[in-house]
Undergrad: 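Sending over a structure as structure tokens; questions will come in a sec.
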2 protein chains.
Amino acid sequence: MPDPLYRQIAEDLRQQIESGELPPGSQLRTELELREHYDASRNTIRDAVKLLITRGLVATRPGQGTFVVDKIEPFTITLDIKTGFGEGEDTAYATEVIAGERTPAVSAPRIEIQPASMAPELGLDETAMVVSRHQQRFIDGIPWSLQTSFYPMHFVEQGAGQIIVAREMSDGVVRYLEDVLSIKQAGWRDKITVRAPDQVETAFFRLPQDGRVPVFEVRRTAFQESGTPLRVTVTTFPSDRNEFILTSGDVPDNAHPGADDNALPVEGSA
Amino acid sequence: MPDPLYRQIAEDLRQQIESGELPPGSQLRTELELREHYDASRNTIRDAVKLLITRGLVATRPGQGTFVVDKIEPFTITLDIKTGFGEGEDTAYATEVIAGERTPAVSAPRIEIQPASMAPELGLDETAMVVSRHQQRFIDGIPWSLQTSFYPMHFVEQGAGQIIVAREMSDGVVRYLEDVLSIKQAGWRDKITVRAPDQVETAFFRLPQDGRVPVFEVRRTAFQESGTPLRVTVTTFPSDRNEFILTSGDVPDNAHPGADDNALPVEGSA
DNA sequence: GGGTATTTGTCCGTATGTATT
DNA sequence: AAATACATACGGACAAATACC
């Protein structure tokens, strides 16, 4: 029994793309032309194109057409910055970004006071509140990631008033907390999952609205030496233009071509 | 301007699910019933259901109906096993799996000789060949991951003949290479990406055939102390039932509930 | 095992809306 | 303003998978 028609058509188009017959950036024939070519209905053509979108091979633009995606060199995000130098990761990142040839940008933070249930990893009481600092981040002008950090509200009452000011902190919040409250970040735990984007994410990353392109969610819980969590940082990245690299043990610097060329941190000066 | 109808319907059903009105495992009304209830066409209902499938909330079973998915406790995969003990990660994993309360299983490896282009990270000549060892891996009987390891063919000619034998190596190939050829693994680099599953993966993981549920691909390149790659291991995991954890610095053992309960390694005795 | 009803999967044709040029 | 192309929505038909008698 053969595959369904829409999958046969998708397969045919996929081969044309991967063989180079349809190079990146080129335009596919319109749905009506494909309809005649394959002797199928327009809906069937659309089902085939949807499959190619899911696989990241093409993108549709209303009023224009369907295009083979330009293979963006993916942003490479390193998750295992060497620590133990007595610094938070925030400052280390700045130099990493400069080392790459891409130019990062970050929006001013949007500050909110929210219930502690937004960041259960902090282990706070149900009635407690947290400060959230939300930022949009770009690389070379491309929407790159959305990041929200949560801090216990009692940090503010203890004297760290700057974290509820909607201005970027050039040295990073982690450094600030150490300076003001002597709260030191000893390590962190990342949880990486993949899920469909929410409405905010589809809008910011300009993803197809039906959730076919998922996002990475990196949930970083950072701890003091005592084991008490000091912050939770949630960062989302569209999965179609990001990859993660992490190393263990002794590894040569340029192990495979292109892997390190665009090395980027997972966190800026949040 | 309101959202499209199919998204409104999806939103309504989503709320019913997340509010508990439609508990996990329960069956949704049939497409024809929903069609009457929302006064929409069957295709529009189907578009709404497709969205819910993409978001991992429901699953359809031909001939039966549409069901709210049972929330599987995700498999947690730790990527940062402490090294420096002079052991490969393979043996360390065995104990980790036993520590968890889930029972792993692995198929006998399928061995193939393939061109070196299958694993460009090994940096071999175009005309060279590699040995691939492919395994299916299960947790509690659930298809969990597909793994293929690539080794330079010249390892066999140098005396490591066991790696082309289609039998599991209880102590791991890495250990074997060290014993026979004194080739020692000094570290590795992981690249984590997300993509649509191929046909083999959709069949093994029983994912929807239109590629709505992506898979994690973890590409591990392991190096000798000299910096020469000794193997490439590619492992894929369905993203709807796996998450990755990695830590840096000092982190308490049980930082957030459930995170470590099912700790699993990314590699078995490949 | 066979037959039938139910339910989802595929495919068609058509009409209208919306974004872009 | 008009033309083009994708997005949404409708309705209908048959196939395939499953469950049940």
Side-chain angles (χ1 to χ4, degrees), chain A residues 1-13 22 25-69 197 199 202-203 206-213, chain B residues 1-13 22 25-54 56-69 199 202-203 206-213:
Chain A
M1 216 39 194
D3 271 355
L5 183 54
Y6 77 94
R7 234 175 292 150
Q8 291 180 44
I9 295 171
E11 184 61 16
D12 188 63
L13 290 170
L22 288 168
S26 65
Q27 183 169 7
L28 270 68
R29 281 167 289 187
T30 68
E31 291 175 348
L32 292 181
E33 287 168 339
L34 291 173
R35 176 194 128 96
E36 291 186 9
H37 182 267
Y38 289 108
D39 193 28
S41 79
R42 187 174 159 236
N43 283 329
T44 302
I45 298 295
R46 284 178 60 75
D47 283 342
V49 170
K50 276 183 196 172
L51 239 177
L52 297 178
I53 295 175
T54 301
R55 303 202 171 160
L57 293 175
V58 304
T60 57
R61 300 206 278 269
Q64 299 183 46
T66 304
F67 299 83
V68 180
V69 295
Q199 283 193 345
T202 52
R206 293 189 196 117
L207 299 173
Q209 285 185 314
D210 59 2
R212 284 187 297 255
V213 177
Chain B
M1 217 37 194
D3 271 356
L5 182 54
Y6 78 94
R7 235 175 291 150
Q8 291 180 42
I9 295 172
E11 184 61 17
D12 188 65
L13 290 170
L22 287 169
S26 65
Q27 183 169 7
L28 269 68
R29 280 166 290 185
T30 69
E31 293 174 348
L32 293 182
E33 287 169 340
L34 292 172
R35 176 195 129 96
E36 291 186 9
H37 182 267
Y38 289 107
D39 193 28
S41 78
R42 187 178 157 227
N43 281 326
T44 301
I45 298 294
R46 283 177 61 74
D47 283 343
V49 170
K50 276 182 195 171
L51 237 176
L52 298 178
I53 296 175
T54 301
L57 293 175
V58 304
T60 56
R61 301 207 277 271
Q64 298 184 46
T66 304
F67 299 83
V68 181
V69 295
Q199 285 194 346
T202 51
R206 299 198 189 106
L207 299 174
Q209 286 185 311
D210 58 2
R212 284 188 295 255
V213 177

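So that the names make sense, note that chain A is the first sequence line, chain B the second, and so on, each numbered from 1. In this text the structure is predicted, and so the values were computed from the model without any measurement.
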Undergrad: Roughly how far, to the nearest 0.5 Å, is CG of L28(B) from CG of L52(B)?
TA: 7.5 Å
Undergrad: Pull out every protein N or O sitting under 3.5 Å from an N or O of nucleotides 19-21 of chain D, one pair per line with the distance.
TA:
from, atom 1, to, atom 2, distance (Å)
dA19(D), OP1, Q64(B), NE2, 3.3

Undergrad: Got a sec: does the CD of E11(B) have more than 12 other heavy atoms crowding it under 6.0 Å?
TA: yes
Undergrad: Between T66(B) and dT8(C), does any side-chain N or O lie under 4.0 Å from OP1 or OP2?
TA: yes
Undergrad: What one-letter contact string describes nucleotides 9-15 of chain C from 5' to 3', where B marks a base within less than 4.0 Å of any protein heavy atom, S marks contact via sugar-phosphate atoms alone, and - marks no contact?
TA: BBBBBBB
Undergrad: Rounding to a whole Å, what distance do you find between L51(B):CG and dA7(D):P?
TA: 14 Å
Undergrad: Taking atom OG1 of T66(B) and atom CG of L22(B), what is their separation to the nearest 0.5 Å?
TA: 11.0 Å
Undergrad: Give the rounded distance in Å between these two atoms: CD of Q27(B) and C1' of dT7(C).
TA: 9 Å
Undergrad: A side-chain contact here means heavy atoms from C-beta on lying under 4.5 Å apart; do L51(A) and R55(A) qualify?
TA: yes
Undergrad: Whole angstrom is fine here: how far is it from CG in L32(A) over to P in dC6(D)?
TA: 8 Å
Undergrad: Whole-Å distance between dA17(D) P and R206(B) CZ?
TA: 16 Å
Undergrad: Starting at CG of L207(A), measure out to CD1 of I53(A) and round the result to the nearest 0.5 Å.
TA: 12.0 Å
Undergrad: With sequence neighbours left out, write down each residue that passes side-chain hydrogen bond (donor to acceptor under 3.5 Å, both in side chains) with Q64(A), or none if nothing qualifies.
TA: R61(A)
Undergrad: Starting at the 5' end of DNA chain C, what dot-bracket string do you get if Watson-Crick and G-U pairs under 3.5 Å are bracketed, crossing pairs use [ ], other-strand pairs use | and unpaired bases use dots?
TA: .||||||||||||||||||||
Undergrad: Rounded off to whole Å, could you give me the CG-to-C1' distance for the L52(B) and dT8(C) pair?
TA: 15 Å
Undergrad: Is there a side-chain contact between L57(A) and V68(A) (heavy atoms, below 4.5 Å)?
TA: no
Undergrad: Would you mind listing every salt bridge (charged side-chain N to carboxylate O under 4.0 Å, His left out) that reaches into residues 37-53 of chain B, with sequence neighbours excluded?
TA: E31(B)-R42(B), E31(B)-R46(B)
Undergrad: For T44(B), what residues pass the side-chain contact (heavy atoms from CB on, under 4.5 Å) criterion, not counting sequence neighbours?
TA: L5(B), Y6(B), I9(B), A40(B), S41(B)
Undergrad: If you compare all heavy atoms of V69(B) against all heavy atoms of A59(B), which two are closest, and at what distance to 0.1 Å?
TA: CG1-N, 3.8 Å
